[in-house]
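Start at 1 and go down the list; that is how both ligands and their atoms are numbered. The model shown is predicted, which means the values in this text are computed figures rather than measured ones.
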Amino acid sequence: MLDDMIDHVGSIRQQPVWQPVPESVRGAIRENLPRRGAGVMEAYKTFRRLVLPYATGNLHPGFMGWVHGGGNVVGALAEILAGMLNANLGGRDHAPIEIERQVIRWSAEMFGLPREASGLLVTGTSMANMIAVLIARRHALGPSVRQRGVGSAQMLAYGSAAIHGCIPRALDMAGFGTDALRRIPVDSAHRIDLNALEASIRHDTATGARPFMVVGNAGTVDIGATDDLKGMAEICARWKLWFHVDAAFGGFAILAPEFAPLLCGIERADSIGFDFHKWGQVPYDAGCILVRDRSHQFETFAQNADYLHRTTRGLAGGSPWPCDLGPDLSRSFRALKVWMTLKAYGLDAIGGAVAQCCRVARYLAKRIDSEPKLERVAPVPLNIVCFRPRGMTDQECVGLVADVQESGMAAPSTTKIDGRVAIRAAIVNHRTTEADADRLLEAVLR
Ligand SMILES: *Cc1c(COP(=O)(O)O)cnc(C)c1O
């Protein structure tokens, strides 16, 4: 299995980026309940036939859709080690938890948070942002919110019009509803308008609502814009609001010297959500929440339960446990693939991959700008390029992207810019080069 998979990664360029799952394959997956085992060889042969050829394609350098990381082989090998150990990182006293704590310390240092910051590895930034909303909720409403719920105060959170959809969803799940999000207009660079933000907070406060949280973007999902985080931190300090930064992919720009200044101010955040599985190149899933003041995270999630009793010695030591810091009790050893990736390659190499992705995006933007049939529809601050064939309707544009995906040559996705559909190429994979950008344009033009 290992030899086959390493060959698979090594020959990824010779394969189509993606191909549709044939109906026959879907049908073959729907086998009867396997009462009697077929053996590991048969199971593996079935995997090779039914799964391997029809994966998402994000290993491939031509995959540019959404924001998908390319993964890495060291991280994948760590998954074998983690699976073999079968550690449960909800709690108790063992070395795997120390590895996760070390990943959290490294992450806090990377963003300039204090050494005592706390945090947790989670499925992804959707969960990290959800945890941030719950911590901000407890911070604003006090301990009673955990017994009595959110009550009737009109709590409000603020973010730019370009905010990711998981923030309103988190507000929904936290009991505030999606209307609790104030979407503040952006400037021509897609950055939040700070004057409008403060005016909105002032107005809402004066009319009896209760602002409690501001979410800054470090890399918006549409075009990769980063808000003025320093300016937002100052507004939050003035109004005593929780300052969270959604740094899902853009956070790793802090490792590329040319782009790090964009993130100035992130070190003042109360909490940061980001994904190792995007620009950090760690295999899925590996998100992270960091919290400046550890007591806020602990007080939001810690519980007393007889069956989780803590001791000062023995296996029940080591409190606080990760289950005191988030909603999960049983948790996988996802820290190992992060730790091994960071240790094996080093942060400079990840920063190098970030810089290379941005270089490829800039090259793609330049080629689009000199191609009369195409028009670029947004600035390119980082690694995302949005463009459109001139004279195409929205519907034709959506069809064209599906055609390109089905060609196997490249896999962009779509978004809407100023209300119109655009082709969106997000360069996230460390394997992607200028030649892959050429191939995307060749496929689009064809
Ligand atoms: C991807 C993304 C998210 C969600 O992260 P998941 O890991 O997919 O849950 C949130 N915000 C931004 C800006 C993103 O790009």
Point to revise | Option nearest atom 10 (C) of ligand 1 (shortest heavy-atom distance, choices H164, H68, R169) | key: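 Considering heavy atoms of H164, H68, R169, the nearest to atom 10 (C) of ligand 1 sits in H164.
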
Practice item. Measure from atom 9 (O) of ligand 1 to every heavy atom in G165, G69, S126 and give the option owning the shortest one. Key: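 Among G165, G69, S126, the closest heavy atom to atom 9 (O) of ligand 1 belongs to S126.
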
Pull out every atom of ligand 1 sitting under 4.0 Å from any heavy atom of [X], numbered as shown with elements.
{"X": "F249", "answer": "15 (O)"}
{"X": "C166", "answer": "10 (C)"}
{"X": "G219", "answer": "13 (C)"}
{"X": "G124", "answer": "7 (O), 9 (O)"}

Exercise for review: Could you tell me whether the side chains of Q297 and R294 share a donor-acceptor contact shorter than 3.5 Å?
Suggested key: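 No pair is found: no donor N or O on one side chain lies under 3.5 Å from an acceptor on the other.
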
Check your understanding: Partners of P22 by side-chain contact (heavy atoms from CB on, under 4.5 Å), sequence neighbours excluded?
Key ->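 Per chain and number, P22 pairs via side-chain contact (heavy atoms from CB on, under 4.5 Å) with S24, V25, Y54.
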
Check your understanding: For K278 and ligand 1, does the shortest N/O to N/O distance drop below 3.5 Å?
Key ->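 Between K278 and ligand 1 (N or O atoms, distance only) the closest approach is under 3.5 Å.
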
Point to revise | H277, any N or O under 3.5 Å of ligand 1 N or O | key: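 For ligand 1, there is an N or O atom that lies under 3.5 Å from one belonging to H277.
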
Review point. Is D222 salt-bridged to R424, going by a charged N under 4.0 Å from an acidic O?
Key: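 Here D222 does not pair with R424 in a salt bridge, since their nearest N and O are not under 4.0 Å apart.
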
Practice item. State whether R388 and E371 are salt-bridged, where the test is any N-O pair (Lys NZ or Arg NE/NH1/NH2 against Asp/Glu carboxylate O) under 4.0 Å. Key: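 Judged by the 4.0 Å cut-off on N to carboxylate O distance, R388 and E371 do not form a salt bridge.
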
Exercise for review: Could you tell me how the ring of F176 sits relative to the ring of F212: parallel (under 30°), tilted (30 to 60°) or perpendicular (over 60°)?
Suggested key: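 Aromatic pair F176/F212 classed tilted.
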
Check your understanding: So among R334, K337, R331, which one has a salt bridge (Lys or Arg N to Asp or Glu O under 4.0 Å) with E100?
Key ->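 In the set R334, K337, R331, the residue that makes a salt bridge (Lys or Arg N to Asp or Glu O under 4.0 Å) with E100 is R331.
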
Exercise for review: Could you establish whether G287 and ligand 1 come within less than 4.0 Å of each other, counting only heavy atoms on the residue side?
Suggested key: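 Not so, G287 does not reach ligand 1.
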
Is the contact between [X] and ligand 1 made by the side chain, the backbone, both, or neither, using heavy atoms and a 4.0 Å cut-off?
{"X": "A248", "value": "side chain"}
{"X": "T125", "value": "both"}
{"X": "M127", "value": "neither"}

Point to revise | Protein heavy-atom partner closest to atom 11 (N) of ligand 1 - residue, atom, separation in Å | key: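 Minimum-distance protein heavy atom for atom 11 (N) of ligand 1 reads D246 OD2, 2.7 Å.
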
Exercise for review: Look at atom 7 (O) of ligand 1 and say which protein heavy atom is nearest, naming residue and atom and giving the distance to 0.1 Å.
Suggested key: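 Atom 7 (O) of ligand 1 sits closest to the protein heavy atom D275 OD2, 2.6 Å.
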
Exercise for review: Flag the pair H430 / W279 as yes when their ring centroid distance falls below 6.0 Å, and as no otherwise.
Suggested key: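 No, the ring of H430 stays outside the 6.0 Å limit from the ring of W279, centre to centre.
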
**Study point:** Pair F252 + F276: ring centers closer than 6.0 Å
**Key:**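 Ring centres of F276 and F252 closer than 6.0 Å.
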
Review point. How far does SG of C386 sit from CD1 of I223, to the nearest 0.5 angstrom?
Key: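 It comes to 7.0 Å.
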
